[in-house]
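What follows is a single structure, written as structure tokens, with notes after it.
To find a chain, count down the sequence lines: A is the first, B the second, and so on, and within it residues start at 1. None of these values were measured; they are calculated from a predicted model.
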Amino acid sequence: MLGKANGSGQKFEPDPIPPGEPIIRVRDLVVGFGERTILKGLSLDVKAGEIMGFVGASGGGKSVLTRTILGLVPKRSGTVEVFGQDLDTADYRQRQALERRWGVLFQQGALFSSLTVKQNIQFPMREYLDMSPRLMDEIAIAKIEMVGLQPDVAEKAPSELSGGMIKRAALARSLALDPEILFLDEPTSGLDPIGAGEFDDLIATLQQTLGLTVFMVTHDLDSLHTVCDRVAALADGKVIAVGPIESMVASDHPWLSAYFRGKRARAAGIGASTHGAGG
Amino acid sequence: MGAVEAPLLATVRRDGAFTVVGNGRWTATQGRALEGAVDQALADVRQHGAAGTAVRVDFSGLDRVDTVGAVLIDRLLRLLREAGFAARIEGLDPRFKPLLDEVERGCHSVPAARKRVAPIIGALTVIGRAVAGAGTDALQFLGFVGQVATSFARIALKPQNFRWTSMVYHLERVGLRAVPIIALITFLIGCIIAQQGIFHFRRFGATTYVVDMVGVLTLRELGVLIVSIMVAGRSGSAFTAELGSMKMREEVDALRVMGFDPIEVLVLPRLVALVIAVPLLTFLGNMFALFGGGLVAWLYGAISPEIFVSRLREAIALNTFEVGMIKAPFMAAIIGVIACMEGMRVGGSAESLGAQTTAAVVKSIFLVIVVDGLFAIFFAAIDM
């Protein structure tokens with residue numbers, strides 16, 4: 001809505017994608033390793049401002065899709081657009097500008113083991129932003145508190161943290177540059193049910209306060225149910241269904257009904273209502 | 001828009017009250033400018049106003065706020081209130097309210113970084129730690145040697161429990177695969193010694209004595225030293241890195257809970273492989289060093305191979321060769337024990353893996369040279 005520069009010394013900053021518009025657009029994506037083709041012409045849209053849950057069988061290519069979008073895995077064909085920018089045609093500077101606008105939470109956290117939590121969070125800030133050490137400290141502490149950790153965690157090394165704390169600290173690092181998209185790779189795996197529930201709430205709260213778009217690879221039926229606006233299901237290298245969780249539960253596709261109406265789903269209270277009618 | 005050139009933050013004083021007007025994008029990209037503006041506004045208000053004065057903070061001009069902006073808004077309001085001003089925020093877009101609330105809820109106290117100490121105390125601390133560290137190192141070394149010895153005794157009683165496959169695999173890696181580089185290096189060392197010897201002995205007309213020098217020097221000392229140093233750098237570091245990364249990923253703990261003794265499974269095969277490989281490599285190195293020396297003596301010193309061999313026969317006795325070879329298994333044991341011990345001491349971080357690998361190589365080379373000196377004294381004492 002405003003010009004690119006306003007006020008003295010203000011730097012260029014791209015405008016955010018308005019909510020509801022596609023922020024990630026994947027078309028006919030084919031990815032494979034050697035003889036094996038993992039993704040066979042996959043297409044998917046993620047809309048700005050939503051929490052998209054992504055499910056699929058283990059080894060089915062969920063992480064491969066995430067890693068392809070992030071540019072960590074080469075693709076055979078198809079296009080990936082993030083923020084309306086085709087990743088293939090982006091030059092180095094555009095690509096770098098784009099990478100500042102997303103944050104990634106890896107499954108094991110991937111905190112740098114030789115740095116403290118505070119240094120981990122400040123690492124991207126030091127690289128990309130110009131600000132005083134005092135402000136950087138204040139911001140690191142604000143992020144640590146935002147993810148529900150105590151400020152004294154700041155001076156600890158990752159090896160001194162528990163699994164749940166590592167996930168939270170890694171989340172704080174992925175939020176360091178105030179990204180617009182947050183990629184989460186199985187955020188609740190390895191957490192106890194209480195911790196997983198709290199993590200779900202945390203993601204929902206952060207999504208609200210920071211206006212994030214969240215792309216979440218998960219197996220946790222509870223998170224799919226409680227925080228995801230839409231769910232996409234992957235089977236045979238393609239997205240077989242996209243929609244709110246209710247439509248997934250109601251679907252007649254054999255894999256979907258096994259996933260969402262199985263014993264574990266009923267235990268999570270998802271398939272319970274539809275199971276009687278559907279089965 | 002009209003506000004395009006408005007400053008990020010401006011302070012206006014009217015009728016004894018202050019109005020602070022914010023504009024533009026309060027985001028991370030202008031962190032430094034924003035912080036400067038906030039500190040300037042704080043200084044202005046503090047300088048011109050008495051405590052209790054009303055301060056109206058007008059943020060209706062803000063069109064984007066991220067965490068950095070929110071932290072600075074919070075800093076402005078908090079410090080104004082702490083200084084006794086009645087600060088009131090107005091016009092902030094409700095979109096940014098949740099973020100600001102989230103930041104305001106924090107405790108704001110940055111934990112103090114480690115205290116600075118006087119340089120002299122720092123230096124003394126480092127020395128003290130190093131001395132204490134050397135003490136614990138020596139104790140741990142003894143402890144580890146003890147563990148290895150008990151495992152070895154258990155295996156000696158029940159040899160069928162020894163991991164032969166693993167030992168042979170490591171023997172290939174530390175022995176066979178090291179042959180080309182060991183041969184090349186010892187050959188070159190032999191050449192260099194012979195060339196230097198001839199160059200200097202020629203002035204005294206004592207060229208043929210170069211054969212004595214090459215023979216005694218390489219067989220007694222240099223062969224085994226060069227091989228030990230090469231093996232420490234090549235295989236010792238690999239052992240430390242392998243065991244260290246297994247330790248990091250809890251593979252060592254997995255072995256232990258399955259009822260295996262990690263020393264028996266991981267350390268002994270490596271140690272035995274080294275104790276077998278290093279004497280063989282030393283013998284090979286000795287031969288290549290003599291060959292290199294002979295070649296240079298022939299080409300550069302005009303000492304024909306026949307003369308070289310007959311002179312060598314006079315210059316060295318069997319015990320010259322034995323002195324070198326006896327040392328080899330001891331060197332291997334030192335390298336193996338240190339490398340495996342350092343591997344087992346790796347902690348949780350990638351950095352500690354690097355530190356232990358460095359320590360393993362440095363310590364084993366140091367100890368190899370110290371032990372070589374002790375052997376020299378010992379052999380002199382027994383007239384060998």
Side-chain angles (χ1 to χ4, degrees), chain A residues 1-16 100 111-116 118 124-125 128-146 150-161 172 175-180 205-206 208-211, chain B residues 1-9 22-39 61 63-72 74-75 95-114 248 347-355:
Chain A
M1 79 190 206
L2 276 181
K4 274 165 186 154
N6 49 359
S8 51
Q10 299 207 5
K11 287 166 194 154
F12 168 75
E13 218 183 311
D15 285 314
R100 281 185 46 179
L111 289 172
F112 303 124
S113 54
S114 54
L115 304 178
T116 64
K118 189 177 89 181
M125 291 160 52
Y128 287 119
L129 304 175
D130 173 37
M131 54 177 77
S132 69
R134 179 187 158 200
L135 181 57
M136 236 189 268
D137 281 353
E138 282 184 20
I139 288 163
I141 296 298
K143 305 260 179 195
I144 286 172
E145 289 182 331
M146 245 183 230
Q150 293 299 314
D152 61 320
V153 169
E155 295 298 331
K156 286 193 174 148
S159 55
E160 299 171 74
L161 304 183
L175 293 173
L177 295 174
D178 280 286
E180 289 158 55
T205 314
L206 288 174
Q208 294 276 311
T209 46
L210 302 172
Chain B
M1 281 220 150
V4 162
E5 286 304 320
L8 290 167
L9 198 61
N23 274 304
R25 296 183 168 185
W26 281 50
T27 53
T29 35
Q30 20 222 14
R32 198 172 283 275
L34 279 172
E35 191 181 18
V38 164
D39 288 347
D63 46 66
R64 210 192 289 175
V65 176
D66 66 4
T67 319
V68 176
V71 165
L72 285 167
D74 171 64
R75 188 200 276 187
R95 277 184 298 154
F96 309 134
K97 192 80 175 100
L99 180 59
L100 190 58
D101 289 345
E102 184 74 33
V103 171
E104 273 176 350
R105 262 195 300 128
C107 75
H108 311 292
S109 65
V110 177
R114 286 185 192 89
M248 267 164 79
S349 71
E351 203 180 26
S352 88
L353 181 60

Neighbour count >12 (heavy atoms, 6.0 Å) for atom CD, A:Gln150: no
Partner set under ring-ring contact (aromatic ring centres under 6.0 Å, His included) for A:Tyr128, not counting sequence neighbours: none
Rounded distance (nearest 0.5 Å) linking atom CD of A:Gln208 with atom CG of B:Leu99: 12.5 Å
Least distance between heavy atoms, B:Gly31 atom then A:Leu135 atom: O-CD2, 3.8 Å
Contacting region of B:Leu72 [heavy-atom separation from chain A under 4.5 Å]: side chain
Closest non-hydrogen atom pair, B:Val68 against A:Asp178: N-OD2, 4.1 Å
Side chains of A:Arg134 and B:Arg75 in contact at under 4.5 Å (non-hydrogen atoms): yes
Rounded distance [0.5 Å steps], CG in B:Leu353 versus OG in A:Ser113: 9.5 Å
Any side-chain heavy-atom pair of B:Thr67 and A:Met146 under 4.5 Å: yes
